[in-house]
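Heads up, the thing below is written out as C-alpha cells.
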Amino acid sequence: MRSRRGATRQPSACSPRPGYVLVIAEKPKAGERIAGALAQGRPVKCRWRGVPYWVLWRDGSTLVVAPSAGHLYGPYSGERGYPVFSYEWRPLWEFERGSAHLRKFHEMLARLSRGARLYVNACDYDIEGSVIGYMIIYMLGDPRRARRMKFSTLSPLDIRRAYERLEPLDREMVEAGMARHELDWLWGINLSRALMDAVRRASRRRVILSAGRVQTPTLVEAVRRWRERNLHVPKPRFRLRLRLEAGGVEFTAHPRGWEPGSREEASRIASELRAEASLRVSSAGAVERILRPPPAFNLGDLQSEAARIYGYSPMKTQSIAENLYLEALISYPRTNSQKLPPTIDYSWIISRLAALKAGGLGGLAARLLSEARGALRPVQGRKDDPAHPAIYPTGELPRRALSRDEWRIYELIVRRFLAAFSRPARVASTTLVLVDSRGREYEARGVEVVEEGWLAYYHYTRPREGLVPLLKQGEEARILGVSYSTEWSRSSVQLSKSSLVKWMESVGIGTEATRARIVEILFKRGYLESRGGSTVVTGLGEAVADTIEELVPIIAGPELTRRFEELLESIRRGARSRVEVVEEAKQAIRNVVEGFKSRIDAIGERLAVSMGLIEPESRCPICGRESEPGAPAGLCRLHRMALDRLASELPVIASRLGTNIRGALEAIARRGEAGRWVSEAARAALEVPELMSYLARRARPPR
DNA sequence: GCAAGGTC
C-alpha cells in the first residue's frame, strides 16, 4: 500500500523494530522539517493520540523523529511553607495548570524511547533546547547513548550537515540551563510565599502575590515611571510663530536657538515684529537624506509597531502572530532576529504573495518583483537570534477570511517583509534662516519625499511633509502675522504595556516569548491596572515594589539577571558546578528570608493597608493613603513629594508668568499637563494654610 | 499558589 505524506497511517511502519535512532525535536513544526530533511524518500507521518511523529530511512538505518512541545519537565516541590529548598524535576503535566496537553507528548516519547539504540537531541540549539532534549533522554532514555545535533537554521542542508556531524551531549550547557530553572524557582517561590505570608498574618486574608527575577524589576520600573508622571510639574514656555509668504508660498517660522524667557517678553517681541514688513533670508540650505529600508520584524519590533499604529497590547499582538504561525501564514514569531537568511526562496514567496487579493498587497508584491528584476537581497538588521530568522510570510495564502485584527498583523508583517527588499527612500529637507531688523534669527523647515522607495511598501513611518519656498540669501519674506502661545511641558515618561516590554528588552530581561506574558502577570496580581486606556500602578503595586527594594534590593533591578548570566557562563565553561551555584543561592535566600521574617509584621501591615484590607492609623487628607510621619497636614509620602517638587519649581514658573507664588499655583492647579499628585497638592495648598506656608518657606526665589 | 522558560 502506498501512502501520501500525512494521509494514511501505516501500522507496521509506525511501530518500527527496536534498534532505531530517536531524534527528539523541540516542537512538531521543527520535527516535520527535520524528518523531511533527513529522509531518503518520504518520511512516514504517524500519530499517537493526535501527536505526530515521523519514521524514515537513511543510509540503511531507521530514524524516528519525535517532537516535544517545549519543556516537558520542571522543578516541583510538594513542600508547603518557606523557605523551601527541596524540589525535584517532574513532568509538567502532573502539576502545572494549563499543561494537560503535555501528557500525550510525554507518553508518546516514553513509548518511542524504549526501542531506541541512539538518542539525538535535535531541539533548538540554545540553552533551553539543551535542557528540553536532555531531560527527555535522561528521564525516558539513556544519556550514555545520546548525541547532540547542532544547527542554526531549519534548512534541509543545515539539518543534514548537523546529522552527519553528531556531537557529544552538551552537558555543561544542560547544567547551566537547569541551574537557570532552579535559581528562578528558588528565588521566585520563596519571595512570593514570604509576601503572601506577610499579608496573611496581618489581615488573615489569602491573597496571591508574587515576585521574581524578571517581574519584580519590571514592576519597580513601572512604579518609577508612574511616580515620575504623577510628580511632573509643568513649566510654561512661550512659542512665537510667524506666518510668512514669499513667491506665493505661505509658510511658518519659529525662533532659532532662542525663546522668549517670559510672557511679557513674548508679547513685546510679537508687537515689535508686527511693526516690521518682512524678514531677510540670511542662509538657505538643502540636504538630502537617504532612508534605508527597515529590516524584517522580530517580535519586539512587531509588538511596538502594532502598539503604535493600532494600540494593541504586546500580548494581543503575540497571540495573533502565534495563530498566524499555526496556520502556516508566517514564520516562527518568537524570534529576536532582524535578519533574513539567504537560504530562503524569497522570489517564490513574493510571487505567491502577488496572488493576495485583499488590501492591495498582491499589487505591491508584483510591483516589487518587477522593480527588483531578480535581484532580491533583503536588508539585514543588527539583532540576531540563535534559533530563528526574522518574521516573514511563508507565501501560503489565507484559506479563510482573517479577522480584522489578524489581517492587520498579517499586513504589517507582509509590508515590512516587502519593504526589506525594496530600495532606499530619498527625503529632501530645506532649511531657511531668516533675520529681523534687530538681528534675531528664525528658522523655517520644509520636508519632501523625493523618491518613495520602500515607503511605498511600509508607509507607517512616512515623514510628515511640508514645503518652504526656494529663496536665496538676501531675499525677503513678507510677514503675514505673528502670534505666540503658552506651551506647558508634558511628562515624557511613558507607562504602558508596550513601553514596559520595550524596557525589558532594552535592559535584557525576559525573552521574546515571556516579556508580554510577564507584564500581564503584573496586571493579574493587581499591581498594575488599566484605567480609561492608560496604565496605572495600584497602591499594592507600589507597596510590593517598595518592600522588595528595601529588603531584597538584588531582585529589584535587572542586576540579578546579569549575575545569573555570569554564573551560567561559568557553569558552561566548566569552571563551576550547578550544585555549587545553587547552594550559594540557597544561602543568600536563607539570609533574605530571615531578614524578612524579623520584620514580617511591619511588612504585612504595609501591604495589607495598601490593599485596603486593614485601616492605617492616619490617612492622607487628599488621597486616603497612609500618612507619612512628619509630613505637613498628614499628607502621604507621594503628596508630600509633590509639594516639595512644587516648592522648588514655583519661583521660576511665577517669574515666567509674571505673577506670584499663589498665581503660579493657581495656574498649575488647572493644567492638564500637571502630574496628578502635583495638581492635587496644588489645589490642597490653595485651600489649606498650613500647606501654603510650608510651600512659601521652601520656595526660594530664582537666582 | 508562588518563577521563568519552552510551546499548543
Side-chain angles (χ1 to χ4, degrees), chain A residues 24-31 49-52 67-84 87 89 91-93 95-106 123-124 126-136 176-200 206-219 318-319 321-323 325-327 332-335 387-388 504 509-522 524-525 544 548 555 560-561 564 568 585 589 593:
Chain A
I24 296 156
E26 186 157 319
K27 47 189 170 280
K29 268 258 150 65
R49 295 198 180 170
V51 178
S68 182
H71 285 290
L72 285 191
Y73 299 89
Y76 168 81
S77 174
E79 220 174 278
R80 297 153 72 100
Y82 71 102
V84 48
Y87 51 81
W89 284 71
L92 292 175
W93 67 263
F95 62 90
E96 194 166 84
R97 245 189 322 115
S99 297
H101 65 286
L102 294 179
R103 182 172 190 170
K104 46 187 193 287
F105 283 88
H106 190 239
C123 295
D124 293 351
D126 54 30
I127 189 169
E128 299 297 334
S130 292
V131 174
I132 292 169
Y134 177 81
M135 284 308 294
I136 290 166
M178 292 178 74
R180 204 278 306 147
H181 282 256
E182 295 172 17
L183 293 175
D184 273 329
W185 189 89
L186 286 165
W187 279 103
I189 300 296
N190 282 300
L191 282 182
S192 301
R193 288 186 182 178
L195 287 171
M196 290 186 277
D197 183 46
V199 172
R200 191 163 56 230
R206 285 178 183 274
V207 196
I208 297 179
L209 299 177
S210 62
R213 172 177 59 85
V214 179
Q215 65 169 261
T216 302
T218 308
L219 173 64
Q318 182 167 340
S319 50
E322 273 159 16
N323 280 337
Y325 162 71
L326 291 176
E327 295 197 28
Y332 190 75
R334 289 185 289 248
T335 173
H388 310 281
M504 295 166 85
I509 61 175
T511 67
E512 291 301 319
T514 58
R515 285 178 200 126
R517 200 194 305 169
I518 286 171
V519 168
E520 294 297 329
I521 287 174
L522 298 177
K524 197 170 163 197
R525 297 276 174 271
V544 168
I548 293 187
I555 206 174
L560 189 59
T561 295
F564 270 34
L568 302 191
I589 292 167
V593 166

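We name chains A, B, ... by the order of the sequence lines, and we start the count at 1 in each one.
- Contact annotation for A:Gly98: no contact, since no heavy-atom pair falls under 4.0 Å across all strands.
- We find that CD of A:Glu520 is positioned 14 Å from P of B:dA4, with the value rounded to whole Å.
- Nucleotides of DNA chain B nearest to A:Ser77 and A:Leu72 differ in position, and the one nearer the 5' end is that of A:Ser77.
- Nucleic acid contact for A:Leu92: base, since at least one base atom lies under 4.0 Å from a heavy atom of the residue.
- Each of B:dT7, B:dG1, B:dA3 was ranked by its minimum atom distance to the side chain of A:Lys27; first place goes to B:dT7.
- Rounding to whole angstrom units, CG of residue A:Leu560 and P of B:dA3 are separated by 15 Å.
- Within the structure, a side-chain polar atom (N or O) of A:Arg334 is placed less than 4.0 Å from OP1 or OP2 of B:dT7.
- Counting only heavy atoms from C-beta on, A:Glu96 has its side chain closest to B:dA4 among B:dA4, B:dG6, B:dC2.
- Proximity of A:Tyr332 to the phosphate of B:dT7: a side-chain N or O atom is located under 4.0 Å from OP1 or OP2.
- The two atoms that bring A:Arg180 and A:Phe564 nearest to each other are O-CE2, 4.4 Å, heavy atoms only.
- Within the 3.5 Å criterion, the main-chain N or O of A:Arg213 finds no donor-acceptor partner in the side chain of A:Asp184.
- Distances shorter than 4.0 Å separate none of the side-chain N or O atoms of A:Ser192 from OP1 or OP2 on B:dG1.
- The OH atom of A:Tyr134 sits 19 Å away from the C1' atom of B:dG6 (whole-angstrom rounding).
- Closest to the side chain of A:Gln215, from the set B:dG6, B:dT7, B:dA3, is B:dA3.
- Smallest separation of non-hydrogen atoms from A:Trp185 and A:Pro75: NE1-O, 3.7 Å.
- Taking atom CD of A:Gln318 as the reference point, atom P of B:dG5 lies 12 Å away to the nearest angstrom.
- For the pair A:Arg80 CZ and B:dC2 C1', the interatomic distance rounds to 13 Å; values are reported in whole Å.
- With rounding to whole Å, A:Ile521 atom CD1 is found 15 Å from B:dG1 atom P.
- The shortest heavy-atom contact between A:Pro28 and A:Ser68 is CD-O, 3.5 Å.
- A perpendicular orientation is assigned to the rings of A:His181 and A:His71, their planes being inclined by more than 60° (bins at 30° and 60°).
- Between the CG atom of A:Leu102 and the C1' atom of B:dT7 there is a distance of 8 Å, rounded to whole Å.
- With hydrogens and angles ignored, a donor-acceptor pair under 3.5 angstrom links the side chain of A:Arg193 to the base of B:dG1.
- Residue A:Val214 places its side chain closer to B:dG5 than to any other of B:dC2, B:dG5, B:dG6.
- Using bins of under 30°, 30° to 60° and over 60° for the plane-to-plane angle, the ring pair A:Tyr76/A:Phe95 lands in the tilted bin.
- Rounded to a whole Å, the CD atom of A:Glu182 is 13 Å from the C1' atom of B:dA3.
- Across all strands, A:Asn190 comes closer than 4.0 Å to no nucleic acid atom at all (heavy-atom distances).
- Residue A:Arg525 places at least one side-chain N or O closer than 4.0 Å to OP1 or OP2 of B:dC2.
- Looking at heavy-atom distances under 4.0 Å, A:Glu322 makes no contact with the nucleic acid at all.
- Within the 4.0 angstrom heavy-atom criterion, base atoms lie near A:Ile189.
- Comparing B:dG6, B:dA4, B:dC2 against the side chain of A:His181 picks out B:dA4 as the nearest.
- The listed nucleotides are B:dC2, B:dT7, B:dA4; the one nearest the side chain of A:Asp124 is B:dT7.
- Proximity of A:Arg200 to the phosphate of B:dG1: no side-chain N or O atom is located under 4.0 Å from OP1 or OP2.
- The only option from A:Gln318, A:Glu322, A:His388 that meets the side-chain hydrogen bond (donor to acceptor under 3.5 Å, both in side chains) definition with A:Arg334 turns out to be A:Glu322.
- Look at A:Arg213 and you won't find any side-chain N or O under 4.0 angstrom from OP1 or OP2 of B:dC2.
- In this model, the phosphate group of B:dA4 is not approached by any side-chain N or O of A:Thr514 to a distance below 4.0 Å at OP1 or OP2.
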